[in-house]
Amino acid sequence: MTDLSLADRPAALAHGGRIGSDLQAQRVRSAWLFLAPTFLVLALVAGWPLIRTIYFSFTNASLTNLSGAEFVGFANYLSWVTLKSGRTIYRGLLADPAWWNAVWNTLKFTVLSVSIETALGLVVALVLNARFPGRGLVRAAILIPWAIPTIVSAKMWAWMLNDQFGILNDMLLGLGLIGEKIAWTASPDTAMIAVLIVDVWKTTPFMALLILAGLQMVPGDIYEAARIDGVHPVRIFWRVTLPLIRPALMVAVIFRMLDALRIFDLIYVLTPNNAQTKTMSVMARENLFDFDKFAYGAAASTMLFLIIATITILYMWLGRLNLSGGER
């Protein structure tokens with residue numbers, strides 16, 4: 001076989017480039033073709049309700065008269081009236097102290113729960129990644145709290161946290177850690193702690209599972225080389241393990257953060273009507289259905305969506321996470 005002449009090489013390279021470009025374009029078209037049904041379903045079950053919710057937030061709609069809703073602009077978000085005395089009264093969601101209290105509760109719950117669950121999930125994942133007898137059984141058993149429905153978990157823990165006959169108070173009294181029984185879910189000082197206890201118990205296995213998947217992708221040769229070089233295990237964790245599982249860790253945090261920001265069922269069942277734990281989702285639901293302030297609840301839902309979207313985008317941008325799960 002003879003080599004291409006110098007004059008023919010550019011044409012051959014151009015021809016090969018066109019073939020590669022056509023193949024890449026074909027792959028992109030195939031990907032869009034396969035994703036089209038998914039996007040269509042998402043547009044129907046998520047996109048359309050979202051658009052309707054945003055629309056209702058700019059109207060005076062009520063639950064009994066959705067079709068007769070009239071456009072009122074940003075009145076549900078912010079409006080004001082200046083009295084003859086010169087005093088200005090602000091109304092709307094952005095001027096509602098209850099809304100900002102719900103925003104604060106949601107952000108506080110998200111930061112605390114995700115931080116604790118990430119730390120504990122990392123420890124559990126490191127333990128489950130080690131080789132020991134019965135590892136498969138332990139991996140299956142650790143997922144039981146996560147597999148239990150949230151409503152069931154909330155009711156189960158409500159009995160355990162009960163101030164009169166709850167087992168948690170009996171255990172703490174027996175150990176001498178408390179002097180009297182605590183109304184965990186009713187007291188303003190402990191309501192958020194009670195919610196965090198239940199959420200950490202239930203969701204830590206989920207974080208551990210995602211982080212464990214990242215640990216499984218780390219090549220074992222790296223650890224073997226580090227051990228041969230005499231590197232301390234703690235240093236191996238900080239210099240080798242943590243950087244390599246960072247993409248998986250960030251994906252796990254994103255998933256958990258999205259879930260925590262829209263927390264509803266656990267709060268609604270465990271601490272109903274408690275201002276110390278009321279979140280944005282709970283407040284939106286109350287206005288939509290309980291108080292018959294549908295437009296106001298739609299505005300709260302829209303603000304919840306915008307807050308979650310903003311925090312997620314900022315997190316991904318600050319973390320330099322691209323679509324492939326790696327660093328930029």
Side-chain angles (χ1 to χ4, degrees), residues 106-148 153 171-172 175 177 192-261 263 308-328:
T106 305
L107 295 179
K108 179 170 66 173
F109 170 81
T110 299
V111 171
L112 292 176
S113 64
V114 173
S115 300
I116 297 173
E117 289 159 10
T118 302
L120 293 179
L122 181 58
V123 173
V124 173
L126 290 171
V127 173
L128 295 179
N129 193 46
R131 296 184 179 277
F132 58 89
R135 182 176 64 170
L137 181 62
V138 175
R139 285 182 176 182
I142 203 71
L143 294 176
I144 292 177
W146 180 51
I148 298 176
S153 299
M171 291 175 59
L172 295 178
L175 295 173
L177 298 178
M192 181 61 74
I193 297 176
V195 172
L196 286 171
I197 290 174
V198 181
D199 192 75
V200 169
W201 172 83
K202 176 175 174 54
T203 319
T204 296
F206 171 75
M207 297 294 289
L209 181 65
L210 295 181
I211 298 173
L212 179 61
L215 288 172
Q216 295 288 304
M217 300 298 294
V218 179
D221 297 343
I222 298 178
Y223 295 118
E224 195 66 33
R227 279 192 289 268
I228 292 175
D229 293 339
V231 182
H232 195 275
V234 176
R235 193 174 181 183
I236 293 176
F237 171 77
W238 288 106
R239 297 295 182 88
V240 177
T241 304
L242 201 58
L244 289 177
I245 67 171
R246 181 173 175 265
L249 194 62
M250 291 191 66
V251 171
V253 171
I254 287 178
F255 284 167
R256 182 65 200 111
M257 182 176 62
L258 291 175
D259 199 33
L261 285 170
I263 183 70
I308 292 177
T310 302
I311 292 176
T312 303
I313 293 172
L314 285 175
Y315 176 82
M316 295 178 66
W317 179 72
L318 293 174
R320 299 296 191 270
L321 189 71
N322 59 32
L323 294 178
S324 62
E327 294 182 60
R328 282 205 297 263

Practice item. Rounded to the nearest 0.5 Å, what's the gap from CG on Leu261 to CD1 on Ile311? Could you check? Key: 5.0 Å
Study note, to complete from the structure: Quick note, salt bridge (charged side-chain N to carboxylate O under 4.0 Å, His left out) partners involving residues 106-115, not counting sequence neighbours, are none
**Study point:** Residues that Ile313 engages under side chain to side chain contact (heavy atoms under 4.5 Å, CB included), provided they are two or more places apart
**Key:** none
Practice item. Name all pairs fulfilling the ring-ring contact (aromatic ring centres under 6.0 Å, His included) condition that reach into residues 107-133, sequence neighbours left out, sorted by first residue then second. Key: none
Could you pull out every donor-acceptor pair under 3.5 Å between side chains of residues 114-127 and any protein atom, sequence neighbours left out?
unit_1, atom_1, unit_2, atom_2, d
Ser115, OG, Val111, O, 2.6
Glu117, OE1, Arg256, NE, 2.5
Thr118, OG1, Val114, O, 2.6

Exercise for review: Mind checking the OG1-CG spacing from Thr110 to Asp259? Nearest 0.5 Å is all I need.
Suggested key: 9.5 Å
Exercise for review: Mind checking the CG-CG spacing from Leu244 to Leu249? Nearest 0.5 Å is all I need.
Suggested key: 12.0 Å
Review point. What salt bridge (charged side-chain N to carboxylate O under 4.0 Å, His left out) pairs are there with at least one residue in residues 132-145, not counting sequence neighbours?
Key: none
Study note, to complete from the structure: When every non-hydrogen atom of Val198 is compared with those of Ser153, the smallest separation belongs to CG1-O, 4.4 Å
Exercise for review: Please test Phe255 against Met207 for side chain to side chain contact (heavy atoms under 4.5 Å, CB included), starting from the C-alpha separation and ending with a verdict.
Suggested key: CA-CA 9 Å; Phe255 284 167; Met207 297 294 289; over 6 Å; no
Contacts under 3.5 angstrom, residues 235-243 side chains, donor-acceptor by atom type, not counting sequence neighbours:
unit_1, atom_1, unit_2, atom_2, d
Thr241, OG1, Tyr223, OH, 2.8

Exercise for review: To the nearest 0.5 angstrom, please state how far the CG atom of Leu177 sits from the CE atom of Met171.
Suggested key: 9.5 Å
Review point. Excluding sequence neighbours, so at least two apart, what forms ring pair (Phe, Tyr, Trp, His ring centres under 6.0 Å) with Phe206?
Key: Trp146
Review point. Does the side chain of Thr312 come within less than 4.5 Å of Leu258's, by heavy atoms?
Key: yes
Exercise for review: Mind jotting down which residue pairs meet the side-chain hydrogen bond (donor to acceptor under 3.5 Å, both in side chains) criterion with at least one end in residues 211-220? Sequence neighbours excluded, please.
Suggested key: Asn129-Gln216
Check your understanding: Minimum heavy-atom separation for Trp201 to Pro145, with atom names?
Key -> O-CB, 3.4 Å
